Undergrad: 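Before anything else, here's the structure in question.
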Amino acid sequence: VILMDASNKNHIRLIDFNIRSDTPNTLFWETFDSGKTWTKKSNSVVGGWSQSDEDWGMGYSFQGMQQTIGYNLDNPNFILWANTQFVYASSTPGQMWYDVVSDAYGSERFSSRKIDNVVPAIVDVNNADSFNLIYAGYFDLGIWRSRDGGSTWKSLNPGTKWSHNWGGKGGNTLSVVSDPKRANVVWAQVAGDLTDPLHLVRSYDYGETWTELTNGLPSNKRHIESIELALDSTIGNRWLYVVANGDVYLSENDGNSWKNVLTCGDCVGVRYTKNTGVFAFGPSNVWRSWQGGKSGTWNTVQIDNTGWTQGQHWLDNQWTYVGPVDIAANNSPGNNNGFVWIAVKGKGVYLSLTYGSSFQKMVYNHPDVRSVHVDSTKGQVLVGISSALMAGGYDSASMGLVTSEQGLSSNGWETSNNGLAWPFVTFVITTPEKGTQWIISPGQGIMKRRSVICRDKNIRYGKRKRNCRFIKRKKLCDRQWRRKSVGKYWCPKSCGRCQNKLKRESMVRRNRTVDL
C-alpha cells in the first residue's frame, strides 16, 4: 500500500505485506526524497475488540488485497482505510493504525458501530438475568458475553491451553448453553482452529474462568457440538446432552461425567423437548427417546431420508451435506401442542403431528434451511434460510427468515427480513420477554427485534366472504396487509404480524474474511 502526502510530494509511505519477518516491525517504510532513500520504521495495529495484528487484520486475505484509502481533506495526515477485514484509521500517519468499527467501554467491553464482518454460530439468552445475559459463539472469534441485552460485549476466550495458537485472542465456539435457573453457570465448546482438539468446558462465574469436562468423553474430539440442557432436571445435577465425534453422550451431574447413550456415528445434533422426548439426528437417520435419552431407549423416527449424505458433516461438507440440522417442538398452550418440525438441509422443513414419531409432511420446501424454532408463547413457527454459512455462497433464492402463524402447511409463509443486508439467517430463537426474536445473519452478525401486533388503524372494508370481511391496511409494517375479520374479531388463520426492523446487537466481527 502506497500512501502519498498531499502537503509534500516528496513524502511517500509504504506498507508492504508481502515481505515481513516474524515480528511486525518490517512493514513500514518512509521517504522524504521521492524514494531515493528509505527509512524502515515500526508499524502497529491497535485491534480494539478484535485484538488482531496486522497479519489477519490488515494483511493477507483469501481474495488478495482490497483497499480503499481516504484522506481527511482538512487534515491530510488523517487516513481512513477500508480493507477486506475491517476499517482502520491513522493519524501518525500510516505508522500506527487503530480500529474504528467499534466503541470501547473500559478495557474489556465493546459495542458495534454497525460495520460488521462476522459469522456467529450460536446465541444463548439467559432468562435468569431478565434476559440481559447473552452468550454468543463465533467462527474465528470464539465465545463472548453481554450483560446488557446485547449492547456491549466482552471476550471470554480461554488462554492458549484451549484456544491453542489463537492465544486467547479468538477461536471457534459453535455451541454454548447457560442455566436458566443459575445465571452464573454456562457450558461451552471451545477450540482454536476447528482442526485442533476441541474442548467441552464449564464455568460457574459467568465465563470468567473455565474447567474442562472430560470424564467419559472421547479423548480425541474431532467434533463437540449441540450442547443441550434438560430444563426440568435437578438444579445442581443438571442433565446435559452433547454430540461428540458423531455419537450422543449424556451427563446426569452438571457435566462432571458422561456416558455414551447413542452410537449413531454421524449425528450432528441433539434436542431436548418438554413434551415430545429427546431427539438426535444426523445424515443417517433421526432418533427419539421417551426416557430422557438413556442408553437403550432410542428408536428411529419415520422420515424419508432419500438422498441424505450419510457420513458427512454439515460444516466439513457444507456445500454437499444433505440431512437434518435442527428440530423444534411446539410446547405452547393450544391445539398444536406436541407438533414437531425438523429442518433438513438440502430438502426443507417437515412436520410431525404425532409427537415426532414420524415426519411425513413437508411444510416448507427450500434446500438451504438452517434452523427451525417455535415461539413458545404464540406457537408461531420461524425458519432460518441461508445460502451462505461461513464465507461466500450468495444465492438470490436465499430467503432469510420466513414465518408462519402455525406452520401446518406450505401456505401462509412470509419473509421477514426488514433490516437484513442479505437474505441470510442461519439461526433463530425467541424469548418470552416482549416477544423478542434473535437471529444470526452471516456477515451482519447477531440481530434482534421485538414482534408487535398490528393496531386497528387506517382500515377499509371490502366484500364479505364466508362470514369474514377482507380488510386492507395501508402501509402498515412497510407493506399492505390483507386480513379477515368477523365483526371486531380477527379470523385466526388469516392473521399476520407486524415486524419491527431487525437491530444489530453484535459488536464482534471475524478475524478472517467473509466474502459476501
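Since we're looking at a predicted model, the values are computed, not measured. One is the number of the first residue; the rest follow in order along the sequence.
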Undergrad: Taking the six-membered ring for Trp, are Trp81 and Trp97 parallel (under 30°), tilted (30 to 60°) or perpendicular (over 60°)?
TA: perpendicular
Undergrad: Test Gln437 against every option in Asp375, Leu401, Ile429 by the side chain to side chain contact (heavy atoms under 4.5 Å, CB included) rule and name the one that passes.
TA: Leu401
Undergrad: Would you confirm whether Lys448, through its side chain, and Gly149, through its main-chain N or O, come within 3.5 Å as a donor-acceptor pair?
TA: yes
Undergrad: Okay, side chain of Ser90, backbone of Met96: is any donor-acceptor separation there less than 3.5 Å?
TA: yes
Undergrad: Return the set of residues passing side-chain hydrogen bond (donor to acceptor under 3.5 Å, both in side chains) with Ser34 (not counting sequence neighbours), or none when no residue passes.
TA: Asn10
Undergrad: Are any of the side-chain nitrogens in Asp179 or Arg182 under 4.0 Å away from the carboxylate oxygens of its partner?
TA: yes
Undergrad: Hey, which of Asp124, Val201, Val242, Leu213 is the one that makes side chain to side chain contact (heavy atoms under 4.5 Å, CB included) with Trp187?
TA: Leu213
Undergrad: Under a 3.5 Å threshold, yes or no: a donor from one side chain and an acceptor from the other, between Asp368 and Ser387?
TA: no
Undergrad: Looking at Leu420, is its backbone amide N or carbonyl O close enough to the side chain of Asn417 to form a donor-acceptor pair, meaning the two atoms are under 3.5 Å apart?
TA: no
Undergrad: Under 3.5 Å, is there a donor on one side chain and an acceptor on the other for Ser178 and Asn126?
TA: yes
Undergrad: Under a 3.5 Å distance rule, please check whether His366 uses its side chain to pair with a backbone N or O of Ala397 as donor and acceptor.
TA: yes
Undergrad: Does Glu108 pair with Arg145 as a salt bridge, N-O distance under 4.0 Å?
TA: no
Undergrad: Would you say Thr152's side chain and Phe110's backbone share a donor-acceptor pair under 3.5 angstrom?
TA: no
Undergrad: Assess whether side chain to side chain contact (heavy atoms under 4.5 Å, CB included) is satisfied between Trp319 and Leu389, documenting all intermediate values.
TA: CA-CA 9 Å; Trp319 303 115; Leu389 182 60; over 6 Å; no
Undergrad: Between Asn365 and Gly348 (side chain of the first, backbone of the second, donor and acceptor by atom type, cut-off under 3.5 Å), is there such a pair?
TA: no
Undergrad: Any donor-acceptor pair under 3.5 Å linking the side chain of Asp247 with the backbone of Ala244?
TA: no
Undergrad: Counting distance only, does the side-chain N/O of Trp166 pair as donor-acceptor with the main-chain N or O of Asn172 below 3.5 Å?
TA: no
Undergrad: Below 4.5 Å, heavy atoms only, C-beta onward: do Ile122 and Tyr135 meet side chain to side chain?
TA: no
Undergrad: Just by distance, with hydrogens left out, do Asn157 and Trp162 show a side-chain donor and acceptor under 3.5 Å apart?
TA: no
Undergrad: Carefully, step by step, assess Ser416 and Arg449 under the rule side chain to side chain donor-acceptor pair (under 3.5 Å).
TA: CA-CA 11 Å; Ser416 186; Arg449 66 164 165 222; 2.3 Å; yes
Undergrad: Would you call the rings of Phe32 and His11 parallel, tilted or perpendicular, where under 30° means parallel and over 60° means perpendicular?
TA: parallel
Undergrad: Verify the distance criterion only: is there a donor paired with an acceptor across the side chains of Asp148 and Tyr105 at less than 3.5 Å?
TA: no
Undergrad: Return yes if some donor-acceptor pair links the side-chain N/O of Tyr206 with the main-chain N/O of Thr209 below 3.5 Å, else return no.
TA: no
Undergrad: Looking at Thr211, is its backbone amide N or carbonyl O close enough to the side chain of Tyr204 to form a donor-acceptor pair, meaning the two atoms are under 3.5 Å apart?
TA: no
